[in-house]
S.K.: 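Sharing a structure with you now.
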Amino acid sequence: MLEGKASIQDTDMPLKMQSQATSCASFALDLFDVTDCKSIAAHIKGEFDKRYGPGWQCVVGSNFGCFFTHKQGTFIYFSLEKLCFLIFKASAFP
């Protein structure tokens with residue numbers, strides 16, 4: 001596993017959740033080829049949905065832009081290896 005090598009750029013997650021996000025990403029990189037970003041993202045999303053309830057989103061890649069609304073305390077953006085990871089729980093609009 002590549003644990004401890006993640007570089008967090010931005011987050012509002014609690015520390016324990018941050019650690020789980022980077023560990024989950026590291027484990028996904030062990031399971032899937034680094035070029036299979038869709039499977040890596042699906043794995044991370046599935047793990048977060050199981051652990052924290054449905055509604056999680058995950059984007060994995062080396063070059064992407066985005067704009068989104070998220071629930072406070074559920075956002076992290078970090079890099080690991082040559083990939084960037086964006087994980088957040090979507091915010092519902094009334």
S.K.: Could you list the residues that satisfy side-chain hydrogen bond (donor to acceptor under 3.5 Å, both in side chains) with N63, not counting sequence neighbours?
M.R.: none
S.K.: Write down the atom of L80, the atom of A6, and the distance for their closest heavy-atom approach.
M.R.: CD1-N, 3.7 Å
S.K.: If you group Ile, Leu, Val, Met, Phe, Trp and Tyr by side-chain heavy-atom gaps below 4.5 Å, do I87 and M17 land in one group?
M.R.: yes
S.K.: Of I76, I8, I44, which is the lone residue that meets side chain to side chain contact (heavy atoms under 4.5 Å, CB included) with F85?
M.R.: I44
S.K.: Do Y77 and V59 share a hydrophobic cluster, counting only Ile, Leu, Val, Met, Phe, Trp and Tyr and linking them when any side-chain heavy atoms are less than 4.5 Å apart?
M.R.: yes
S.K.: Applying side-chain hydrogen bond (donor to acceptor under 3.5 Å, both in side chains), can you list everything that pairs with K50, at least two apart in sequence or on another chain?
M.R.: E47
S.K.: Taking only residues two or more places apart in sequence, or in another chain, which ones meet K82 in a salt bridge (charged side-chain N to carboxylate O under 4.0 Å, His left out)?
M.R.: none
S.K.: Taking only residues two or more places apart in sequence or in another chain, which ones pass side-chain hydrogen bond (donor to acceptor under 3.5 Å, both in side chains) with S62?
M.R.: none
S.K.: How far apart are the closest heavy atoms of G73 and P14, and which atoms are they?
M.R.: O-CD, 3.4 Å
S.K.: What residues form a ring pair (Phe, Tyr, Trp, His ring centres under 6.0 Å) with F48, not counting sequence neighbours?
M.R.: Y52, W56
S.K.: Could you list all the salt bridge (charged side-chain N to carboxylate O under 4.0 Å, His left out) pairs where at least one residue sits in residues 36-46, not counting sequence neighbours?
M.R.: K45-D49
S.K.: Looking at F32 and S39, what are the two nearest heavy atoms and their distance?
M.R.: CD2-CB, 3.6 Å
S.K.: What is the distance from atom OG1 of T69 to atom NZ of K89, rounded to the nearest 0.5 Å?
M.R.: 15.5 Å
S.K.: Restricting to non-hydrogen atoms, name the atom on L29 and the atom on E81 that form the minimum distance, rounded to 0.1 Å.
M.R.: CD1-CG, 3.9 Å
S.K.: Please identify each residue that fulfils ring pair (Phe, Tyr, Trp, His ring centres under 6.0 Å) with F68, with sequence neighbours left out.
M.R.: H70, F75, F88
S.K.: If we only count heavy atoms from C-beta on, is the L83 to V34 side-chain gap below 4.5 Å?
M.R.: yes
S.K.: Looking only at heavy atoms, what is the nearest atom pair of M13 and Q18, with distance?
M.R.: O-NE2, 2.7 Å
S.K.: For C37 and G61, which heavy atoms make the closest approach, and how far apart are they?
M.R.: SG-CA, 4.0 Å
S.K.: Is there a side chain to side chain contact (heavy atoms under 4.5 Å, CB included) between C66 and L86 once you walk through the steps?
M.R.: CA-CA 10 Å; C66 62; L86 172 64; 3.2 Å; yes
S.K.: Can you list the residues that meet the side-chain contact (heavy atoms from CB on, under 4.5 Å) rule with L31, with sequence neighbours excluded?
M.R.: F27, H43
S.K.: Using side-chain contact (heavy atoms from CB on, under 4.5 Å) as the criterion, list what pairs up with S7, not counting sequence neighbours.
M.R.: Q9, S79
